[in-house]
Amino acid sequence: MQEWQLNNVAEVFVNASVERVWAALTEAADTELYFMRSRVTVGDVGETYRLERDDGWEVDGTVLAKEPPYRLRVTWRIKTPPDLVIPNCEVEYLIEPALIPEAKSQTKLTVNSYVDGPVPPPFLNASRTGWAMITRNLKDYLD
């Protein structure tokens with residue numbers, strides 16, 4: 001049995017509804033505008049999760065949990081050079097209403113990334129800074 005370890009947590013508060021944040025995470029027209037120009041494909045549980053760009057960069061995965069508009073968990077596989085081994089990765093998006101008195105519709109997005117082994121140094125920083133950048137870009141896009 002794999003032992004998953006939390007690799008990174010990124011949180012952001014967004015001035016949008018839970019449903020709008022869900023759409024931004026699961027619709028290609030949205031992700032292309034804040035997620036490194038990538039278009040997302042999100043199938044049902046057991047089906048494809050994919051991010052892809054015109055320059056050939058892509059992430060392939062499988063949808064593990066899909067509970068609209070509150071939770072999405074996927075496997076995350078990125079192409080690497082043949083001599084570089086990275087652990088299996090999973091990413092979980094948790095979306096919940098922010099409980100801020102007298103605030104407009106605000107939503108808290110938490111992105112947790114998990115690995116089942118050591119992350120090579122070139123990817124360790126990329127994972128941590130990457131999720132911070134992506135959640136910040138999402139906030140800027142929706143605010």
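On a predicted model such as this, the values are computed, not experimentally measured, just so you know. In this chain, numbering begins with 1 at the start of the sequence shown.
Ionic pairing of Arg39 and Glu32 is present here: one or more N-O contacts between side-chain nitrogen and carboxylate oxygen are shorter than 4.0 angstrom. A salt bridge between Arg20 and Asp30 is present, with a side-chain N of the basic residue lying under 4.0 Å from a carboxylate O of the acidic one. Taking a cutoff of 4.0 Å between a charged side-chain nitrogen and a carboxylate oxygen, Arg50 and Asp60 qualify as a salt bridge. Residues Arg73 and Glu90 are paired through a salt bridge, judged by an N-O separation under 4.0 Å between the basic side chain and the carboxylate.
Of the inter-residue distances, the one linking Ile78 atom CD1 with Ile86 atom CD1 reads 7.0 Å to the nearest 0.5 angstrom. A distance of 10.5 Å separates CG in Leu33 from OG in Ser38, rounded to the nearest 0.5 Å. To the nearest 0.5 angstrom, Glu19 atom CD is 7.5 Å from Thr107 atom OG1. Rounded to the nearest 0.5 angstrom, Thr41 OG1 and Glu47 CD are separated by 11.5 Å.
Here the shortest heavy-atom pairing between Ala10 and Ala132 reads CB-N, 4.3 Å. Scanning all heavy atoms of the two residues, the minimum distance from Ala24 to Leu138 falls at CB-CD1, 3.6 Å. Closest approach of Asp44 and Lys66 over heavy atoms only: OD1-NZ, 3.7 Å. In this structure, Val18 and Pro97 approach most closely via the heavy-atom pair CG2-N, 3.6 Å.
Applying the ring-ring contact (aromatic ring centres under 6.0 Å, His included) test to residues at least two apart or on different chains, the pairs with a partner in residues 10-34 are Tyr34-Tyr141. The ring-ring contact (aromatic ring centres under 6.0 Å, His included) pairs that include a residue from residues 49-88 are Trp76-Trp131, where partners are two or more places apart or lie in different chains.
Residues Asp140 and Asp143 fail the side-chain proximity criterion, which asks for heavy atoms closer than 4.5 Å. Contact annotation: the side chain of Val74 never approaches that of Leu64 to less than 4.5 Å [non-hydrogen atoms, C-beta and beyond]. You'll find the side chain of Val111 reaches within 4.5 Å of the side chain of Val91, heavy atoms only. Counting heavy atoms from C-beta on, the side chains of Asn88 and Trp4 come closer than 4.5 Å. With a 4.5 Å cut-off on side-chain heavy atoms, Asn112 and Leu94 count as touching. Side-chain contact between Val119 and Pro87 is present, with at least one heavy-atom pair separated by less than 4.5 Å.
The closest donor-acceptor contact from the side chain of Thr31 to the backbone of Leu25 lies at 3.5 Å or more, if one exists at all. A donor-acceptor pair is defined here as one N or O able to donate and one able to accept, closer than 3.5 Å; such a pair exists between the side chain of Thr75 and the backbone of Thr62. Remark: the backbone N or O of Val115 is not paired with any side-chain donor or acceptor of Asn7 at under 3.5 angstrom.
Just one of Asn15, Val21, Val12 meets the side chain to side chain contact (heavy atoms under 4.5 Å, CB included) condition when paired with Leu142; it is Val21.
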| query | Where do Tyr114 and Glu92 land on the side-chain contact (heavy atoms from CB on, under 4.5 Å) test, with the steps shown first? | reply | CA-CA 8 Å; Tyr114 301 89; Glu92 183 173 45; 3.6 Å; yes
| query | Given the rule in the side-chain contact (heavy atoms from CB on, under 4.5 Å) test, do Arg77 and Val59 qualify, once you have shown the distances and angles that lead to the verdict? | reply | CA-CA 5 Å; Arg77 290 180 298 279; Val59 169; 5.8 Å; no
| task | Give the intermediate values and the outcome of salt bridge (Lys or Arg N to Asp or Glu O under 4.0 Å) for residues Glu58 and Arg53. | result | CA-CA 6 Å; Glu58 67 182 40; Arg53 292 191 314 226; over 6 Å; no
